[in-house]
Colleague: 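Let me begin by handing over the structure; questions about it come next.
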Amino acid sequence: MIVVRDDATRARLGELIEPGFQRYAAQVQAGEAPWNTINASAVSDETVAATKLPRGFVDKLTGAPVVLLVFVDLSVVASFDSGLDRIGVISGGSIYPFAWNILLAARNEGLGGTLTTFVGAQEPVLQELLGVPSHYAFAAMIPMGKPVKQLTKLSRKPVSEFAVLERFDGAPLVD
Ligand SMILES: Cc1cc2nc3c(=O)[nH]c(=O)nc-3n(C[C@H](O)[C@H](O)[C@H](O)COP(=O)(O)O)c2cc1C
């Protein structure tokens, strides 16, 4: 984990976030599930480049008191799905609990952070910027600071919508 405080590095992080965020926003505006690897996007590169981002959003992320950059060392992770013909997810299982624990521990100290991955598509540039070896994959950027307001009520789907018994098409776990 790299703790970034340097202003020049923050400014560069902001620049690196923008293209990924623009594609995300453009695909959301087109009604697509952004950055998914199953359904090809119908959004053109020109539309992506012309997509405006909410003003000040990126500055809020990079302007947090500290910006944590979390990487996973792929030379030690057991990526059990690496032979499958789809995007890997299992390697992430070795690092996101760590990122989540950082968030939980921070909350316990009255701090707040949020998981972001916008910068992920720029991984080679990010590695160069921070001197990270190429086999360390970017996992998360977590801006962290004292929250303006401590959130208590989160919006989540009810368990009945995603937990099923025995099989994918099984009955809901709860009604
Ligand atoms: C793996 C992961 C990556 C995420 N990446 C981003 C991101 O790049 N940008 C963003 O605005 N939100 C991102 N989010 C969503 C936010 O971190 C956060 O979950 C969302 O704002 C909802 O907040 P809540 O979990 O406190 O309800 C990501 C969430 C996860 C789990």
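Side chains included, hydrogens not; waters and symmetry mates left out as well; all remaining heavy atoms used. One-based numbering, in listed order, for ligands and for the atoms of each.
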Colleague: Distance-only check: which donor-acceptor pairs under 3.5 Å involve side-chain atoms of residues 92-114, not counting sequence neighbours?
Modeller:
from	atom 1	to	atom 2	distance (Å)
Tyr96	OH	Ala139	O	2.6
Asn101	ND2	Pro97	O	3.4
Arg107	NH1	Gln150	OE1	3.0
Arg107	NH1	Leu151	O	3.2
Arg107	NH2	Leu151	O	2.8

Colleague: For a quick check: using heavy atoms under 4.0 Å, what are the residues in contact with ligand 1, sorted by chain and number?
Modeller: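 Around ligand 1, where the cutoff is 4.0 Å for heavy atoms, the contacting residues are Phe57, Thr114, Leu115, Thr116, Thr117, Phe118, Leu154, Arg156.
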Colleague: Taking the side chain as everything from C-beta on, heavy atoms only, tell me whether Thr116 gets closer than 4.5 Å to Pro143.
Modeller: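 Thr116 reaches Pro143 side chain to side chain.
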Colleague: Quick one: which residue pairs count as a side chain to side chain donor-acceptor pair (under 3.5 Å) with a foot in residues 19-30, not counting sequence neighbours?
Modeller: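 Only Arg23-Asp45, Gln27-Ser41 qualify under side chain to side chain donor-acceptor pair (under 3.5 Å).
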Colleague: So, taking the atom named CD in Glu15 and the one named OG1 in Thr62, what distance separates them when rounded to the nearest 0.5 Å?
Modeller: 10.0 Å
Colleague: Which label fits Phe21 and Phe57: parallel for a plane angle under 30°, tilted from 30 to 60°, or perpendicular past 60°?
Modeller: tilted
Colleague: For Tyr136, check ring pair (Phe, Tyr, Trp, His ring centres under 6.0 Å) against everything at least two apart and list the hits.
Modeller: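 Tyr136 satisfies ring pair (Phe, Tyr, Trp, His ring centres under 6.0 Å) with no residue once adjacent residues are dropped.
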